[in-house]
Participant: 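I have a structure here, written as C-alpha cells, and I will follow up with some questions on it.
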Amino acid sequence: DEVVLTGSVSRGVADGVSDIEMLIVTPEPLELADCFEHARAAGLEELDTWGDPSTPTRRVSGYLDGVPLELIWWSRDLAESSIDALAPQRERFRQTGDNRDAIAHGVALRTSGSLARWQARLSDYPEELARARIEDAALTWGGFTPAGLLTIARPGELLSRTERMLDDATRVLRMVYALNRVWPPTHKRLAARVAPLAVKPDRLAERIEEAFSEPDPRRALLVMTELQAATVALAPDGPNVNRARWWLAEAAKLLSSENR
C-alpha cells in the first residue's frame, strides 16, 4: 500500500553515518519471519530486529551494499489506527520522538494516497493544544524552593544533576516546538531541527550543548536555568508559565550569587 521514506534522509540532512529509515504498509499483517524474508529478498544482509516483539509493529534492520536500513512494517489497519491515535484530539503529551513528526516529513516512494491524507490530518495543530503543551512543559519549574537546585550542584551529584537537566532541556524543546506548532522530533541533529523555527530563545541548541559540557556544576545549572527563563518569556501567560517566570528568576539569582 505505502512505502514511506522517513528520518534524516526524508528531511534531506543525512550524512555519511545516517541510516535509511522506511515505513512499509501492507494490506494484511505480516509475521516477523515474513518481514525478514522480504528484506532478505530485497538484498539486505545481517538482518536483526529490535523493540517489543509482542506488539503488531514489525521491525527489521540490516545492510544493503554496506548502508544501514531500518524498516518499520505496519498493516493497513494498524496504520490507520495509529494515525487516528496520533491525531491532535488524542493528545497524550508525548515528550519526544513522536511518530507524527516522522509521518509529517515522510516522502512517499510508493503510495495509494494514504500518506498525503495522513499528512493533511496531522497538519492541524490547534491553539488550545499548543497552550496545553506549553503549560505541561512548565509544570516542574516551580513548586519547591529555588534553593533546592543547590542540592544537585554538590559534589557527587552528577547523575541526579544530569537527570534534572535532561528533563529541563526536553521541556524547553517541547515548549519551543509548541510555540511554533510543530510536532516534537527526536533530539538528534538538534541545531538543524530548531534553526528554521521562528520563535525560540537565542542560541537555543548552543546553550543546551554548553549546559551539558560545562564542568562547573553551578555554572551548568545556571546556563540551563537562564535558557528556561528565556523560553518562558516567549510563552503566553498561564498558571504554570507565570509561576515558572518568577521561580526561574529566583533560581538564577541563587546560582549566580558569589555566596557559594
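Source: prediction; values computed, not measured.
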Participant: Do side-chain atoms of Asn180 reach the backbone of Val182 as a donor and acceptor pair under 3.5 angstrom?
Facilitator: no

Participant: Hey, any chance Ile24 and Leu5 share a hydrophobic cluster, counting ILVMFWY side chains that come within less than 4.5 Å of each other, even indirectly?
Facilitator: yes

Participant: Test Ile134 against every option in Val232, Leu179, Leu234 by the side-chain contact (heavy atoms from CB on, under 4.5 Å) rule and name the one that passes.
Facilitator: Leu179

Participant: So if you build clusters from Ile, Leu, Val, Met, Phe, Trp, Tyr with side-chain heavy-atom gaps below 4.5 Å, do Val67 and Val4 land together?
Facilitator: no

Participant: Are Val107 and Ile83 joined in one hydrophobic group, where the rule is that I, L, V, M, F, W and Y side chains link up if heavy atoms are under 4.5 Å apart?
Facilitator: no

Participant: Can you establish whether the number of heavy atoms outside Arg110 located under 6.0 Å from its atom CZ is more than 12?
Facilitator: no

Participant: Without hydrogens or angle criteria, can the side chains of Asp77 and Ser75 be said to hold a donor-acceptor pair below 3.5 Å?
Facilitator: no

Participant: Please round to the nearest 0.5 Å and tell me the distance separating atom OG1 of Thr231 and atom CG of Leu173.
Facilitator: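 The CG atom of Leu173 is 8.5 Å from OG1 of Thr231, to the nearest 0.5 Å.
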
Participant: Minimum heavy-atom separation for Gln119 to Ala104, with atom names?
Facilitator: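 Looking at all heavy atoms of both residues, the shortest contact is NE2-O, 3.3 Å.
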
Participant: If only side-chain N and O atoms count, and only distance matters, is there a donor-acceptor pair under 3.5 Å linking Ser257 with Arg218?
Facilitator: yes

Participant: Give me the atom names and distance for the closest heavy-atom approach of Pro27 to Arg76.
Facilitator: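 The pair with the smallest heavy-atom distance is CB-NH2, 3.5 Å.
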
Participant: With side chains defined as the heavy atoms from C-beta onward, is the minimum distance between Arg171 and Leu139 less than 4.5 Å?
Facilitator: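 A side-chain contact exists here, since the closest heavy-atom pair is under 4.5 Å.
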
Participant: Please give me the minimum heavy-atom distance between Ala191 and Ala205, naming the atom from each residue.
Facilitator: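 Taking every non-hydrogen atom into account, CA-CB, 3.7 Å.
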
Participant: Mind running side-chain contact (heavy atoms from CB on, under 4.5 Å) on Gln228 and Thr225 for me, showing each step along the way?
Facilitator: CA-CA 5 Å; Gln228 293 164 252; Thr225 300; 4.1 Å; yes

Participant: Should the pair Asp84-Arg121 be classified as a salt bridge under the 4.0 Å nitrogen-to-oxygen rule?
Facilitator: yes

Participant: List in chain and number order the residues that pass salt bridge (Lys or Arg N to Asp or Glu O under 4.0 Å) with Glu209, two or more places apart in sequence or in another chain; answer none if no residue qualifies.
Facilitator: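 For Glu209 there are no salt bridge (Lys or Arg N to Asp or Glu O under 4.0 Å) partners, ignoring immediate neighbours.
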
Participant: Give the minimum heavy-atom separation between Leu47 and Gly62, together with the two atoms involved.
Facilitator: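 Looking at all heavy atoms of both residues, the shortest contact is CD2-CA, 4.1 Å.
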
Participant: Heavy atoms only: give me the nearest Arg11-Pro185 pair and the separation to one decimal.
Facilitator: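 For Arg11 versus Pro185, the nearest heavy atoms are NH2-CB, 4.3 Å.
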
Participant: Got Pro236 and Glu127 here, is their nearest side-chain heavy-atom distance under 4.5 Å?
Facilitator: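 No, every pair of side-chain atoms sits at 4.5 Å or beyond.
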
Participant: Should Thr145 and Glu250 count as side-chain neighbours, where that means a heavy-atom distance under 4.5 Å?
Facilitator: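 In short, these two side chains do not touch, never coming nearer than 4.5 Å.
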
Participant: Run the side-chain contact (heavy atoms from CB on, under 4.5 Å) check on Glu214 and Val223 step by step: do they pass?
Facilitator: CA-CA 9 Å; Glu214 170 58 55; Val223 171; 5.5 Å; no

Participant: Taking all non-hydrogen atoms of both residues, which atom of Met165 and which atom of Ala211 are closest, and how far apart?
Facilitator: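 Minimum heavy-atom separation between Met165 and Ala211: CE-O, 3.3 Å.
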
Participant: Do Glu163 and Glu157 make a side-chain contact, defined as non-hydrogen atoms from C-beta onward lying under 4.5 Å apart?
Facilitator: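 No, side chains not in contact.
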
Participant: Return the CD to CG distance between Glu206 and Leu204, rounded to the nearest 0.5 Å.
Facilitator: 8.0 Å

Participant: Could you walk me through whether Ile72 and Thr6 pass side-chain contact (heavy atoms from CB on, under 4.5 Å), step by step?
Facilitator: CA-CA 10 Å; Ile72 303 292; Thr6 62; over 6 Å; no

Participant: To the nearest 0.5 Å, tell me how far Glu135 CD sits from Asn242 CG.
Facilitator: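 Atom-to-atom, Glu135:CD and Asn242:CG are 7.5 Å apart.
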
Participant: Is it the case that more than 12 heavy atoms not belonging to Asp65 sit under 6.0 Å from its CG atom?
Facilitator: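 Check fails, neighbour count at 12 or below.
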
Participant: What's the separation between atom CG in Leu227 and atom CE in Met224, rounded to the nearest 0.5 Å?
Facilitator: 6.0 Å

Participant: Honestly curious: do Val25 and Leu30 fall in one hydrophobic cluster under the side-chain, below-4.5 Å linking rule?
Facilitator: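 Different clusters.
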
Participant: Under a 4.5 Å cut-off applied to non-hydrogen side-chain atoms, are Trp73 and Leu32 in contact?
Facilitator: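 No, their side chains stay 4.5 Å or more apart.
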
Participant: Would you say Tyr63 has more than 12 foreign heavy atoms packed within less than 6.0 Å of its OH?
Facilitator: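 Counting other residues, nucleotides and ligands, OH of Tyr63 stays at 12 neighbours or fewer.
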
Participant: Does any donor atom in the side chain of Asp101 or His105 lie under 3.5 Å from an acceptor atom in the other side chain?
Facilitator: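 A pair is found: one side chain offers a donor N or O, the other an acceptor, under 3.5 Å apart.
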
Participant: Do Arg58 and Phe36 come within less than 4.5 Å of each other through their side chains, counting heavy atoms only?
Facilitator: no

Participant: Under a 4.5 Å cut-off applied to non-hydrogen side-chain atoms, are Glu2 and Leu23 in contact?
Facilitator: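 Sidechains of Leu23 and Glu2: no contact.
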
Participant: Using the rule that two of Ile, Leu, Val, Met, Phe, Trp, Tyr join whenever any of their side-chain heavy atoms come within less than 4.5 Å, decide whether Leu166 and Leu158 are in one cluster.
Facilitator: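 No, Leu166 and Leu158 fall in different hydrophobic clusters.
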
Participant: Compare all side-chain heavy atoms of Arg245 with those of Asp237 and state whether any distance is below 4.5 angstrom.
Facilitator: yes

Participant: In Å, rounded to the nearest 0.5 Å, how long is the span from OG of Ser8 to CD of Glu21?
Facilitator: 6.5 Å

Participant: Give the intermediate values and the outcome of side-chain contact (heavy atoms from CB on, under 4.5 Å) for residues Asp1 and Trp74.
Facilitator: CA-CA 10 Å; Asp1 279 11; Trp74 281 352; over 6 Å; no

Participant: Nearest 0.5 Å please: distance from the CG atom of Asp19 over to the CD atom of Glu70.
Facilitator: 4.5 Å

Participant: Check the orientation of Tyr125 and Trp183. Use parallel for under 30°, tilted for 30 to 60°, and perpendicular for over 60°.
Facilitator: parallel

Participant: Count the heavy atoms of every other residue, nucleotide or ligand shown that sit under 6.0 Å from CG of Asp202, and state whether that count exceeds 12.
Facilitator: no

Participant: Under a 4.0 Å threshold between the charged nitrogen and the carboxylate oxygen, would Arg207 count as salt-bridged to Glu210?
Facilitator: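 A salt bridge is absent here (no side-chain N lies under 4.0 Å from a carboxylate O).
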
